[in-house]
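A, B, ... follow the sequence lines: proteins, then strands. Residue 1 opens every chain. Keep in mind the model is a prediction, meaning the values are calculated, not measured.
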Number of protein chains: 2
Amino acid sequence: MSKEENLMTSMQEIADKAGVSRATVSRVLSNHPSVKADTRKKVMYWVKKMNYEPNMIAQSLAGNSTNLIGVIVPEIAYPFFSEIIEAIERQAFYEGYSIVISNTNRKIEKEKNIIAEYKKRKVDGIIAVPVSERESVSVYKKISIPVTVITKKINNFNSIYISHYKGGEQIAKHFINSGFKKIGYIGPISNSTSARKFAGFKDYLKNQGVQLTDIIECNPPKNMNATLVAESVKEYISNKEIGSEVFFANDDISACEAINAFKMQGYDIPNDIKIAGFDNTLLAREMNPRLTSLAQPLEAIGKKAVQVLINQINYHTKPHMYEMESYVVERESTLNLNIK
Amino acid sequence: MSKEENLMTSMQEIADKAGVSRATVSRVLSNHPSVKADTRKKVMYWVKKMNYEPNMIAQSLAGNSTNLIGVIVPEIAYPFFSEIIEAIERQAFYEGYSIVISNTNRKIEKEKNIIAEYKKRKVDGIIAVPVSERESVSVYKKISIPVTVITKKINNFNSIYISHYKGGEQIAKHFINSGFKKIGYIGPISNSTSARKFAGFKDYLKNQGVQLTDIIECNPPKNMNATLVAESVKEYISNKEIGSEVFFANDDISACEAINAFKMQGYDIPNDIKIAGFDNTLLAREMNPRLTSLAQPLEAIGKKAVQVLINQINYHTKPHMYEMESYVVERESTLNLNIK
DNA sequence: CTGAAAGCGCTAACAC
DNA sequence: GTGTTAGCGCTTTCAG
């Protein structure tokens, strides 16, 4: 029990073995040019032999950088976010960073705690989906850590996002090009982000002289439990005849819920009613029928977020807005059988 | 530009303001009992006032603990894992730990890199879904970091898992109780984990005197892209008439793929063919029809994993096997309309 | 009960 | 080119 803990090979040991100073070992390891090839070789020999691995904690303390990126999302388990996270992890790993992740559950209090935690941990930067444009942002401003915002456009922050308005337009355009005349909408109509999809959708249709036949309003989902959507649909159906051939549901999960609700009332998808979703998550790919959905380039968003953040960390680049391109992925849920 | 970087309030500053030594501040902050109430108050006054936050990096270096848990999963974005991750995050946060996450993509090389990274980072412990029982485990053994394994049972490691064999049995039992006679299976029959589900399923049926009517073999999925399952199903159908009323698909994603394939061939689910999945992920809850599925208690697994790991970290507890209870969640995909 | 002092393992001027 | 010397910000004996 006496001589424990002396197991970690430290830089000093390498220095001793190689007959040089710690500084030289450090130089070799960080590829400092001014080291004689001979010395470098000697040091590397022992590094390999002793299987030396630098202690990142010590490096961080001395060097002022943790190579850690903090990631803040509302809900890790919603496929939309988990797919972005996967992309972030991939790029971060590639760039030599690790990621720490937390869930806000859309609670500003939790978000504040997370940020405080990340600050104490000295993460080099943060990639975040802010809970609230107002409250979150004021917190982000106070901390002196680079923050890159994703999926939302926030002034004075590096932001990587798609235009939800355009996304709505794209769906509308797709519907019209597919020959649909009677078009409906399922989702929130007033919550900020969701409402923008709706606005783009509605405006585009209006410009084309198309009136929305049905609007099934739902509250914005507070979490992945979207059963409210199914209920809204059911309630709507029981009060009113469906006049639409096709619906745009505000996100994939809502689309799934709506499909289930419609089916339960005897409607067949896509024969009686067609539906499109938004986000193009795993749900859209696996649903039956497979879901037409507006694809956000999740892989690209994650990758870009890391790149932009790292730039911000290293070069203090000025905030910039990166609007990514979205596109419609067509699948069976909106097959227009009349047209064919 | 001259006096940058002196912004962080350090412990020394608090000590100065409060007229005590750094040691005392440290004691106050770590709730050391032997501090006069008066002194404590004085120190806390300045801590609050200066908004002091300890530097965790320094704490880690001095104190030998990072309060970091490394999490290793095959695929962050598969709902099964992302739901566990969410549970892990919740519990870890509650216990004062942060989590760093990486994807192995089921590649042993990536896993080794991750472990090396975690080691350099001095994570206090690791929660892992090993890529391979043989190879991964030998790596885990070498590092001197507590490891808790989840979703698999590995000797000499704390393991939190369900019995896949029993899970298979439970599905079989459920089928029989539901009055099904002609039963089929879709999935791998030889890969380790998946094969155990199959074994339990098959054995239970056999004991009940039921022969499997159809076995649609698929390779174990190498990632979330399970289109191979749909192809296997299609191919099977084209060669052979389906003789089963109900199928057990090895996981939810396979069940979804199978449903899509069956539908494409004109079968209605659940009228013509019933299907059950495994894992009870988001997919099962949202699929149409909603999927009967064997539920792994994901929340419980994640929570337990954190608790067990922390115990292992603090008290060097001996490895223990924690077999969690699974259960069938019945939904529309296996509705037996003949029985009603 | 509190302070002084010795690190934790590494980096980065600054000398030689 | 390489070694010496200060730290980074905190914890923790050891005295007093």
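Counting non-hydrogen atoms under 4.0 angstrom, A:T39 reaches the backbone sugars and phosphates but no base. The residue B:T24 sits close only to the backbone: its heavy atoms come under 4.0 Å of sugar-phosphate atoms, none of a base. Using a 4.0 Å heavy-atom cutoff across all strands shown, A:V20 reaches sugar-phosphate atoms only and no base atom.
Relative to the side chain of A:R27, the nucleotides D:dC10, C:dC14, D:dT13 differ in distance, and C:dC14 lies closest. When distances are taken from the side chain of A:A58 to each of C:dG9, D:dC10, C:dT11, the shortest belongs to C:dG9. Taking only side-chain atoms of B:L61, from C-beta outward, the nucleotide of C:dC8, C:dT2, D:dT11 with the closest atom is C:dC8. When the nucleotides C:dC1, D:dC10, D:dT4 are ranked by their closest atom to the side chain of A:S21, D:dT4 comes out on top. Picking from C:dT2, D:dC10, C:dA12 the nucleotide with the shortest atom distance to the side chain of B:S34 gives C:dT2. Considering only the side chain of A:K36, D:dT2 comes nearest among C:dA6, D:dT2, C:dG3.
Computed from coordinates, the A:N67 CG to C:dC10 P distance equals 15 Å when rounded to whole Å. Following rounding to the nearest Å, A:R22 (CZ) and D:dG1 (P) show an atom-to-atom distance of 23 Å. In this structure, A:I57 atom CD1 and C:dC10 atom P are separated by 11 Å, rounded to whole Å. When the P atom of D:dG9 is taken as reference, atom CD of A:Q59 falls 17 Å away, rounded to whole Å. Taking atom NZ of residue B:K41 and atom P of nucleotide C:dT2, one finds them 14 Å apart after rounding to whole Å. One interatomic measurement links the two molecules: NE2 of A:H32 to C1' of D:dG1, which rounds to 9 Å at whole-angstrom precision. Residue A:I14 contributes atom CD1, which lies 17 Å from atom P of D:dT2 at whole-angstrom precision. One atom, CZ of A:R121, and another, P of D:dC8, lie 22 Å apart when rounded to the nearest Å.
Under 4.0 angstrom from either OP1 or OP2 of D:dG9 there lies no side-chain N or O belonging to B:Y52. Close to C:dC10, at under 4.0 Å from its OP1 or OP2, lies no side-chain N or O of A:Q12. Between A:S26 and C:dT11, a side-chain N or O to OP1/OP2 separation shorter than 4.0 Å is present.
Atom CG in B:N113 sits 10.5 Å away from atom CD1 in B:I108 (nearest 0.5 Å).
In this structure, the side chains of B:Q296 and B:Y161 stay at 4.5 Å or more apart for every pair of heavy atoms.
Contact of A:R40 with D:dG1 (side chain to base): no donor-acceptor pair of N or O atoms is detected under 3.5 Å.
Applying the 6.0 Å contact sphere to CD of B:E325 captures no more than 12 heavy atoms from other residues, nucleotides or ligands.
The 5' end of DNA chain D is approached more closely, in terms of each residue's nearest nucleotide, by A:V35 than by the other of A:V35 and A:A62.
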How far apart are the C-alpha atoms of B:N311 and B:Q307, what are their side-chain angles, what is the distance that settles it, and do they pass the side-chain hydrogen bond (donor to acceptor under 3.5 Å, both in side chains) test?
CA-CA 6 Å; B:N311 258 302; B:Q307 293 172 326; over 6 Å; no

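Ring planes of B:F80 and B:Y78: tilted class, angle from 30 to 60°.
A salt bridge between B:E86 and B:R90 is present, with a side-chain N of the basic residue lying under 4.0 Å from a carboxylate O of the acidic one.
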